[in-house]
Amino acid sequence: MIKTRFAPSPTGKLHIGGVRTALFNYLFAKSNNGKFLLRIEDTDTKRSSNENINVILKGLNLLKLIPSEKEIYQSNETKKHVDIAYKLLKNGYAYKCYLSSEELKEFRNESRKKGEVIKSPYRDNLSNIKNKDFVIRLKMPLDGQTIIKDEVQGQVSVNNSILDDMVLLRKDNSPTYMLASVVDDFNMEISHIIRGDDHFNNAFRQVQIIKYMNWPIPFYAHIPLIHGQDGAKLSKRHGAENVMDYLKDGIEVEVLKNYLLRLGYSINNDEIYDLENNTLDFKLEKINKSPSRFDIKKITSLNALYLRKQPLDTILEKIKIEFNINNDILKRLEFLLPDLLQRYTFIKEVENDLLWLSSDFKGHFFQLNQDNLNLVFGALNILKSSKWSLIELKKNVDKFLAQSNLKMKDLGPVLRTVLTGKINTPDIFKVIFILGRNECIKRLTKVV
RNA sequence: GGCCCCUUCGUCUAGUGGUUUAGGACAUCGCCCUUUCACGGCGGCAACACGGGUUCGAAUCCCGUAGGGGUCACCA
């Protein structure tokens, strides 16, 4: 059974890169009739917060990236992690290191200069030192190579000499991420670890624990990071890295997911792939290896495109949920929505139109010059007498314009401004038609 | 600096040795449509990082160089 997991640490908000990782994990699991699990990596008690956990939970829910099972909290698994550390210690695959942080600092400076990895002098020191704090470190193999067959990166090998004896258990007996994550993945029977490229180097070190424990080695897929416009790893300074911000700004969930997917994964030449209603045969090997830049302009235009492609009912439902729509408005909105949608980038733009769509619309006071006043009078006459259909209205207006030796461009903008208070709306005839005779006369009369 | 990865229009990408005058999308520019704003339509600008090989033939394979990124914690 294919099992993937998304394992965020609640030390920050749910950011765009995390969402993409979650999405890939989700898609891959679903494509293979597998399970998508969620594990909260909250072992860093100082930086983790419940608030962030809730943001992650709510965010995934909102994005419809819903785990197959209840989420697991890494902090609840601590005992298992510690047990493994001691088991490794007992079997000679790990050792107690008594280096102080000052000593360690010195070692680091030196090793950095030499381009070597820190070797703790306690690695082979078997004498038991009492009454002193220690950490447990993993005994990395000193020679040979470690090979990872990564589903995205391909086969990559690294000399074991560059692998450091990473800390498994801290001085306070708490497990590090390096240990905890491996143990949890084993216990959760994760078959495929799909995570950010920034973890790639960790894989070579973590796999040693797996080998020492004789556990099955999972498939790895390290996906490239998303970069900001400047080409560097996406971070706070690039503005909204919190997904909630994009959603608040009006990006639709489906668009966000679509864009994130297509950033490094292409489906033919489709700009929008309907993830909701289609099953995608998601293949890890189709993921591009190079990082890509997040382009707010593109995702914005995708949003506009998406609105135009959506069934009207879907959009209408969303509007109804977010705004107060009475029957008056609803009738008009339903009629004009297709035209309106061609003008929107975000659904929330409807708010401006809801104003004049309402019979409560007070309008604005316009000081019209004589020419324009005459036009309004002319229009009033037509509206009072015309048969109320789009065709008849247009016919009568055309007749009036011909008689007055005028063009539509003389009349249209004037009517639009008076009737709607806006300078851009759908076809003015449609506006007039759906507002209705009384409403139009009411609004026009106000300015004469 | 060590190690690892990457490199097609400004950006996201298609392309897996000949079907390619390198295709699409966003952005940008121009034109058309036009009652406004849009939509839409048509068109322009614009890329295989560089240098060597391999081959009858290379964006596609190999090797260098350059550039970019990631990572080097008792953070995750």
Side-chain angles (χ1 to χ4, degrees), chain A residues 7-12 41-44 46-48 74 97 99 101 104-105 108 111-118 133-137 148 150 152-154 156-159 161-164 166-178 180-181 195-205 222 224-225 227 229 231-233 259 262-266 268-272 288-302 304-305 308 338-345 397 401 407-417 420 422-429 431:
Chain A
S9 69
T11 52
E41 308 221 319
D42 54 351
T43 48
D44 185 350
K46 284 185 217 90
R47 297 196 302 146
S48 298
Q74 191 157 64
C97 170
L99 247 28
S101 54
L104 215 43
K105 212 174 196 177
R108 230 192 309 279
S111 66
R112 184 92 182 227
K113 258 183 251 159
K114 284 191 256 171
E116 284 171 4
V117 127
I118 302 175
D133 290 335
F134 62 86
V135 300
I136 295 185
R137 288 181 182 275
I148 301 274
D150 193 275
V152 174
Q153 306 291 334
V156 180
S157 59
V158 130
N159 286 332
S161 59
I162 64 137
L163 268 24
D164 70 324
M166 64 190 182
V167 172
L168 266 20
L169 229 51
R170 299 189 187 97
K171 205 172 280 182
D172 64 1
N173 215 42
S174 68
T176 59
Y177 157 82
M178 283 306 210
S181 161
R195 68 205 331 184
D197 207 359
D198 49 343
H199 283 291
F200 197 36
N201 289 299
N202 290 339
F204 294 91
R205 301 194 289 160
H222 288 92
L225 270 14
H227 288 172
Q229 278 303 330
K233 190 176 170 180
Y259 177 71
R262 302 229 322 106
L263 214 53
Y265 189 97
S266 76
N268 306 323
N269 254 334
D270 293 352
E271 286 309 316
I272 291 187
N288 280 169
K289 288 168 94 169
S290 58
S292 42
R293 302 183 184 202
F294 189 86
D295 185 358
I296 190 69
K297 280 192 191 134
K298 180 122 187 189
I299 192 171
T300 303
S301 85
L302 237 38
L305 185 64
R308 272 173 250 131
D339 296 75
L340 253 15
L341 249 20
Q342 289 187 342
R343 292 161 172 77
Y344 294 164
T345 302
V397 166
L401 289 175
K407 288 270 167 23
M408 193 58 205
K409 70 169 187 253
D410 302 311
L411 178 64
V414 180
L415 288 184
R416 188 180 338 270
T417 319
T420 70
K422 290 189 72 180
I423 54 168
N424 62 318
T425 71
D427 176 13
I428 193 63
F429 288 104
V431 169

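Here is the naming used below: chain letters follow the sequence lines, and residue numbers restart at 1 for every chain. What you see below is based on every heavy atom in this structure, not just the backbone, and it leaves out hydrogens, waters and symmetry mates.
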**Request:** Give a yes/no on whether any side-chain N or O of A:T425 is located under 4.0 angstrom from OP1 or OP2 of B:C37.
**Result:** no
**Item:** Selection from B:U13, B:G70, B:A76 that lies nearest to any side-chain heavy atom of A:N202
**Value:** B:A76
**Complete:** Judged by whether its glycosidic angle lies within 90° of 0, B:C37 is anti
**Request:** List for me each residue that meets side chain to side chain contact (heavy atoms under 4.5 Å, CB included) alongside A:L411, sequence neighbours excluded, and say none if there are none.
**Result:** A:L375, A:V397, A:L401, A:L415
**Prompt:** Is a side-chain donor or acceptor of A:D133 paired with a backbone partner of A:K171 at a separation under 3.5 angstrom?
**Reply:** no
**Asked** Among all residues two or more places apart in sequence or in another chain, which pass the ring pair (Phe, Tyr, Trp, His ring centres under 6.0 Å) test with A:Y265?
**Response** A:F282
**Message:** The side chain of A:R416 is closest to which nucleotide in this list: B:U35, B:G70, B:C74?
**Reply:** B:U35
**Request:** Not counting sequence neighbours, list each pair that qualifies as a salt bridge (Lys or Arg N to Asp or Glu O under 4.0 Å) and has a residue in residues 289-298 of chain A.
**Result:** A:E271-A:K298
**Message:** So A:V167, base contact, sugar-phosphate only, or nothing? Heavy-atom distance under 4.0 Å.
**Reply:** sugar-phosphate
Nucleotides 41-51 of chain B: which of its N/O atoms have a protein N/O under 3.5 Å away?
none

**Asked** Quantified in whole Å, what is the C1' atom distance between nucleotide B:U71 and nucleotide B:U55?
**Response** 39 Å
**Request:** Provide the Watson-Crick or G-U wobble partner of B:G30, both distances under 3.5 Å; none if there is no partner.
**Result:** B:C42
**Message:** For A:N201, give me all partners under side chain to side chain contact (heavy atoms under 4.5 Å, CB included), at least two apart in sequence or on another chain.
**Reply:** none
**Asked** Taking atom C1' in both B:C45 and B:A27, what distance in whole Å separates the two?
**Response** 12 Å
**Asked** Considering only the P atoms, how many Å lie between B:G53 and B:A59, rounded to the nearest integer?
**Response** 15 Å
**Message:** If you assign A:N268 and A:K407 each to the RNA chain B nucleotide with the nearest heavy atom, which residue ends up on the more 5' nucleotide?
**Reply:** A:N268
**Item:** RNA chain B: 5'-proximal contact among A:D44 and A:Q229 (nearest heavy atom)
**Value:** A:Q229
**Prompt:** How does protein reach along nucleotides 24-29 of chain B, written 5' to 3' as B (base within reach of a heavy atom under 4.0 Å), S (only sugar-phosphate), or - (no contact)?
**Reply:** SBSS--
**Contacts of type side chain to side chain donor-acceptor pair (under 3.5 Å), residue A:N159, not counting sequence neighbours** = A:Q145
**Request:** Measure from the side-chain heavy atoms of A:R343 and tell me the nearest of B:C74, B:U35, B:U36.
**Result:** B:U36
**Prompt:** Less than 3.5 Å between a donor and an acceptor, one on the side chain of A:D339 and one on the base of B:A38, is that the case here?
**Reply:** no
**Message:** Given 3.5 Å as the limit, does a donor-acceptor pair link the side chain of A:T420 with the main chain of A:T417, or not?
**Reply:** no
**Request:** List for me each residue that meets ring pair (Phe, Tyr, Trp, His ring centres under 6.0 Å) alongside A:F204, sequence neighbours excluded, and say none if there are none.
**Result:** A:F200
**Message:** So, under a plain 3.5 Å distance rule, would you say the side chain of A:R293 forms a donor-acceptor pair with the base of B:U11?
**Reply:** no
**Asked** Can you name the residues that form a side chain to side chain contact (heavy atoms under 4.5 Å, CB included) with A:S9, not counting sequence neighbours?
**Response** A:T11, A:E41
**Base-pairing mate for B:G1 - Watson-Crick or G-U, with both contacts under 3.5 Å** = B:C72
**Request:** For A:R47, check side chain to side chain donor-acceptor pair (under 3.5 Å) against everything at least two apart and list the hits.
**Result:** A:D44
**Asked** In whole angstroms, how far is the P atom of B:U36 from the CG atom of A:L340?
**Response** 17 Å
What nitrogen or oxygen pairs link the protein and nucleotides 3-8 of chain B at under 3.5 Å?
from, atom 1, to, atom 2, distance (Å)
B:C5, O2', A:Q153, OE1, 3.3
B:C6, OP1, A:K289, NZ, 2.3

**Pairing residues for A:H227 by the ring pair (Phe, Tyr, Trp, His ring centres under 6.0 Å) criterion, not counting sequence neighbours** = none
**Prompt:** Hey, is the side chain of A:T43 poking within less than 4.0 Å of OP1 or OP2 on B:A76, counting only N and O atoms?
**Reply:** yes
**Request:** Could you please name the partner base of B:C50, counting Watson-Crick and G-U wobble pairs only when both distances are under 3.5 Å?
**Result:** B:G64
